[in-house]
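Notes for the one structure printed next.
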Amino acid sequence: MNEGSSAAPRSASMPAERMRVFFALWPDAATAAALHARGRTLRAECGGRLMRRETVHMTLAFLGDVPASWLAVLEEVAGALHAERFVLELDRVGGWHGHRVLWAGCETVPAALQALAAELGARLHAAGFELEARAFNPHVTLVRNALRSPRQAETPLLRWPVASFVLVASERSADGAHYRVLERWSLGEGGAAPVRSRGPN
Ligand code: 2AM
């Protein structure tokens, strides 16, 4: 979406509030704990900064800084989406960007996850949002700024049952980024439409 197309006129003396937002899969408590434990193992081997358990997630679509007034459009886009539940079988770890990011991922990306990310991307694009052109590369960042990448890519299987996706605000403070879940949508069984849940959790 391009700011020039924003309908509401704005006074120069009152800049619009902006928010840094992204769509993501947010793990249940047990999956978050298991992913965090995997991050601790990675950090023990490779060094670096461990992500906090409550921040662990998988990004579906990164929007970046948008005017807060656009959140309603994002919620409308997400609410219109048709996608199914799936189980994410996390069985790989690796490093990117000269091991600045160590991640957990899967050897085989579930078709339902690929479809969810593709439909979300297409609907956001149709609504006028500019997304990065790079291909969806599903991963969970567990450690940042490591000294090396893990020696072995294969890991014991961790099954993450995915039944919803969320819209998240990234808020910066003196002690780093904090993530706030703004809204959650349940995924359907057998292709049912997502249902917006009450509140973010
Ligand atoms: P990362 O974990 O690989 O850094 C919040 O920053 C989330 O959005 C992270 O999961 C991050 O992925 C992801 N993301 C995707 N594109 C991004 C970008 N251009 N800038 C910052 N974060 C991005």
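Note that ligands are numbered from 1 as they come in the structure, with each ligand's atoms numbered from 1 the same way.
If you number the atoms of ligand 1 from 1 as listed, the ones under 4.0 Å from a heavy atom of R20 come out as 20 (N), 21 (C). Remark: ligand 1 atoms within the under-4.0 Å shell around heavy atoms of H57 are 7 (C), 9 (C), 10 (O). In the vicinity of F22, heavy-atom distances shorter than 4.0 Å reach the ligand 1 atoms 5 (C).
Note: F62 and F23 fail the aromatic proximity criterion, with ring centroids not under 6.0 Å apart.
Residues R43 and R49 have side chains not in contact (no heavy-atom distance under 4.5 Å, counting atoms from C-beta outward).
Only the side chain of Y179 comes within contact range of ligand 1, with a heavy atom under 4.0 Å; no backbone atom does. Residue contacts with ligand 1 for R144 involve side-chain atoms from C-beta outward but no N, CA, C or O (heavy atoms, distance under 4.0 Å). Residue-level proximity to ligand 1 for R134 is carried by the side chain, the only part with a heavy atom below 4.0 angstrom. With a 4.0 Å cut-off on non-hydrogen atoms, E132 touches ligand 1 through its side chain and not its backbone.
The distance from the OG1 atom of T55 to the CG atom of L50 is 8.5 Å, given to the nearest 0.5 Å.
Ranking the protein heavy atoms by distance from atom 18 (C) of ligand 1 puts F62 CE2, 3.3 Å first. Atom 13 (C) of ligand 1 has as its closest protein heavy atom T59 OG1, 3.5 Å. Ranking the protein heavy atoms by distance from atom 12 (O) of ligand 1 puts H139 NE2, 4.1 Å first. For atom 1 (P) of ligand 1, the nearest non-hydrogen atom of the protein is T141 OG1, 3.4 Å.
Environment of CZ in R159: sparse, with no more than 12 heavy atoms of neighbouring residues, nucleotides or ligands closer than 6.0 Å.
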- Message: What verdict does the side chain to side chain contact (heavy atoms under 4.5 Å, CB included) test give for L25 and V166, after you've listed the backbone C-alpha separation in whole Å, the side-chain angles of each residue and the deciding distance to 0.1 Å?
- Response: CA-CA 6 Å; L25 305 180; V166 294; over 6 Å; no
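No side-chain donor-acceptor contact under 3.5 Å links R92 and T155.
Scanning all heavy atoms of the two residues, the minimum distance from L35 to A104 falls at CD2-CB, 4.1 Å.
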